[in-house]
Amino acid sequence: MPSLQYSKLAFIGGGNMASAIIGGLLNQGIPAQNITVSEPWEVNRNKIADLGVRTTTDNVIAGGDADVVIIAVKPQVTKAVCEELADAWEKRSALPVVVSIAAGITLGSLSGWLQGKDGRNVHLVRVMPNTPALVGEGASGLFASEDVTEDEKELVAALLGSVSKATEWVEREALIDVVTGLSGSGPAYFFAMVEHLIASAKALGLPEEQATRLAAQTCLGAGKMLTTSSDSPTQLRKNVTSPNGTTHAALETFNELGFNETVDKAVRAATDRAAELGNTLGKL
């Protein structure tokens, strides 16, 4: 398996997440001519082409001889795409590593759809990225099939590392659903929090524009402290909270209203929904 620098990379699907990863790869010096993208929609295809990579509308042309194939299509069309690629790979002596960012599609489903008539199994990695990858600040959870080698894992980690500041391998596939509930859906939780902070400050008289700037920067600053400080989130919270002070009053209100239970139920709901979607989509 060649290093990422010399690997032929194929993206099946050229939407926002694929564009983000490609941009990250190019920023790391990966040659544009090593990347081919299959995308049926002209608008998306033109945006991708502007990055300097090769584009096509044909999945087989894109993924036929690639070393790594990234499945970045909607879950509903993943089966058809995989079966098309499996037919094209029948005559290949060595199969590519397949990285799927198709939400909810399990390794079992992918393996069945990608297995050739000769019974060979493709080495598979499931990835759950998140939308901050669009600004190079992503968090990704990964799970590999048992036959994926350490070299292949390093290759995939480097691929996702181009847009993810946190790239975490999980021990069981079911934990990908937990990653979905935590970091996959997580950006929306913070957006909702900031949305309500702005509304609260506005109701108390602060102009909306000022409240928006202050709330957004507070979220960014707190996030930077979390990623750069050696202190735990618990300690960072304590550092801000003086006894009987303003922060203490706010946090006590959160506790009285069941903040911990609310967060727990929200993450569990997203995790359960991810598992449910996986079971449903795998039967398509």
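The structure presented is a predicted model; accordingly, all values stated were derived computationally and were not measured.
Taking hydrophobic clusters as Ile, Leu, Val, Met, Phe, Trp and Tyr residues chained together by side-chain heavy-atom distances below 4.5 Å, Leu134 does not share a cluster with Val37. Connection of Val240 to Phe254 is not established within any shared hydrophobic cluster, with ILVMFWY side chains joined at heavy-atom distances below 4.5 Å, either directly or through further cluster members. Ile61 and Ile35 sit in two unconnected hydrophobic clusters of ILVMFWY residues. Membership requires side-chain heavy atoms under 4.5 Å apart, directly or through other members. Neither Val60 nor Leu95 shares a network with the other; the hydrophobic side chains, linked directly or stepwise wherever heavy atoms of I, L, V, M, F, W or Y lie under 4.5 Å apart, form separate groups for each. If you chain together hydrophobic residues whose side chains sit under 4.5 Å apart, Leu226 and Leu251 never meet in one group.
When every heavy atom of Ile105 is checked against every heavy atom of Pro75, the shortest pair comes out as CD1-O, 4.0 Å. The shortest heavy-atom contact between Leu26 and Pro31 is CD2-C, 4.5 Å. The minimum heavy-atom distance between Thr57 and Arg45, with the atom names listed, is CG2-NH1, 3.3 Å. Of all heavy-atom pairs between Leu236 and Ser229, the closest is CD2-OG, 3.8 Å. Met128 and Ala103 make their closest contact through CE-CB, 4.3 Å (heavy atoms, listed as atom of the first residue, atom of the second, distance).
When atom types are taken as modelled, the side chain of Glu39 and the backbone of Trp41 share a donor-acceptor pair closer than 3.5 angstrom. Within the 3.5 Å criterion, the main-chain N or O of Ser109 finds a donor-acceptor partner in the side chain of Thr106. The backbone N or O of Lys224 sits less than 3.5 Å from a side-chain atom of Thr227, completing a donor-acceptor pair. Judged by distance alone, with hydrogens and angles left aside, the side-chain atoms of Arg92 form a donor-acceptor pair with the main-chain N or O of Ala94 at under 3.5 Å. With Thr180 contributing its side chain and Ile176 its backbone, the two residues share a donor-acceptor pair below 3.5 Å.
With sequence neighbours excluded, no residue satisfies ring pair (Phe, Tyr, Trp, His ring centres under 6.0 Å) with Tyr6. Partners of Glu168 by salt bridge (charged side-chain N to carboxylate O under 4.0 Å, His left out), not counting sequence neighbours: none found. With sequence neighbours excluded, no residue forms a salt bridge (charged side-chain N to carboxylate O under 4.0 Å, His left out) with Arg213. Not a single ring pair (Phe, Tyr, Trp, His ring centres under 6.0 Å) links Phe191 to another residue, sequence neighbours left out. Residues that satisfy the salt bridge (charged side-chain N to carboxylate O under 4.0 Å, His left out) test with Lys47, not counting sequence neighbours, are absent from this structure.
Counting side-chain heavy-atom gaps under 4.5 Å among Ile, Leu, Val, Met, Phe, Trp and Tyr, the cluster of Ile198 also holds Val194. Summarising the hydrophobic clusters (Ile, Leu, Val, Met, Phe, Trp, Tyr; side-chain heavy atoms under 4.5 Å, direct or chained), the residues clustered with Leu257 are none.
Residues Val98 and Ile70 have side chains not in contact (no heavy-atom distance under 4.5 Å, counting atoms from C-beta outward). Contact of the Pro96 side chain with the Asp67 side chain is not registered, since no non-hydrogen atoms from C-beta on lie closer than 4.5 Å. Looking only at side-chain heavy atoms (C-beta outward), Val163 and Pro129 stay at 4.5 Å or farther from each other. Within the 4.5 Å cutoff, side-chain heavy atoms of Val179 are placed close to those of Val170. Using a 4.5 Å heavy-atom cutoff, the side chains of Leu155 and Val68 are in contact. With contacts defined as side-chain heavy-atom distances shorter than 4.5 Å, the pair Asn34/Ser7 does not qualify. Two residues are said to be in side-chain contact when any heavy atoms from C-beta on lie closer than 4.5 Å; Val69 and Val99 fail this criterion.
For residues 242-253, no residue pair satisfies the side chain to side chain donor-acceptor pair (under 3.5 Å) rule, not counting sequence neighbours. Legend: side chain to side chain donor-acceptor pair (under 3.5 Å) pairs involving residues 121-133, not counting sequence neighbours, sorted by first then second residue: Gln115-Asn121, His123-Glu152, Arg126-Glu173.
The OH atom of Tyr189 sits 7.5 Å away from atom CG of Leu182, with the distance rounded to the nearest 0.5 Å. In this structure, CH2 on Trp113 lies 7.0 Å from NZ on Lys79, to the nearest 0.5 angstrom. If you take CD1 on Ile71 and OG on Ser38, they are separated by 9.5 Å, rounding to the nearest 0.5 Å. Atom CG in Leu206 sits 6.5 Å away from atom CG in Leu214 (nearest 0.5 Å). Note that NZ of Lys153 is 14.0 Å distant from OG1 of Thr167, once rounded to the nearest 0.5 Å. One distance of note links CG of Leu4 with CD of Glu154; it measures 11.5 Å at 0.5 Å rounding.
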Exercise answer: donor-acceptor pairs, residues 267-276 side-chain atoms, under 3.5 Å, sequence neighbours excluded:
from: Arg268; atom 1: NE; to: Asp264; atom 2: OD1; distance (Å): 3.2
from: Arg268; atom 1: NE; to: Asp264; atom 2: OD2; distance (Å): 3.1
from: Thr271; atom 1: OG1; to: Val267; atom 2: O; distance (Å): 2.8
from: Arg273; atom 1: NH1; to: Glu276; atom 2: OE1; distance (Å): 3.3
from: Arg273; atom 1: NH1; to: Glu276; atom 2: OE2; distance (Å): 3.1

Kindly list each side-chain donor-acceptor pair under 3.5 angstrom involving residues 8-25, sequence neighbours excluded, with atom names and distances?
from: Lys8; atom 1: NZ; to: Asp65; atom 2: OD2; distance (Å): 3.2
from: Ser19; atom 1: OG; to: Gly15; atom 2: O; distance (Å): 3.0

All N/O donor-acceptor pairs, side-chain side in residues 135-146, below 3.5 Å, sequence neighbours left out:
from: Glu137; atom 1: OE1; to: Lys165; atom 2: NZ; distance (Å): 3.4
from: Glu137; atom 1: OE2; to: Lys165; atom 2: NZ; distance (Å): 3.0
from: Ser140; atom 1: OG; to: Ser164; atom 2: OG; distance (Å): 2.7
from: Ser145; atom 1: OG; to: Leu124; atom 2: N; distance (Å): 3.1
from: Ser145; atom 1: OG; to: Leu124; atom 2: O; distance (Å): 3.2
from: Ser145; atom 1: OG; to: Asp147; atom 2: OD1; distance (Å): 2.6

**OP:** Check step by step if side chain to side chain contact (heavy atoms under 4.5 Å, CB included) holds for Val122 and Ser111.
**Re:** CA-CA 7 Å; Val122 175; Ser111 180; over 6 Å; no
**OP:** Carefully, step by step, assess Val97 and Val148 under the rule side chain to side chain contact (heavy atoms under 4.5 Å, CB included).
**Re:** CA-CA 8 Å; Val97 177; Val148 174; 5.6 Å; no
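Within 6.0 Å of CD on Glu171 lie no more than 12 heavy atoms contributed by other residues, nucleotides or ligands. Annotation for Gln28: atom CD counts as buried by contact number, over 12 foreign heavy atoms lying within 6.0 Å.
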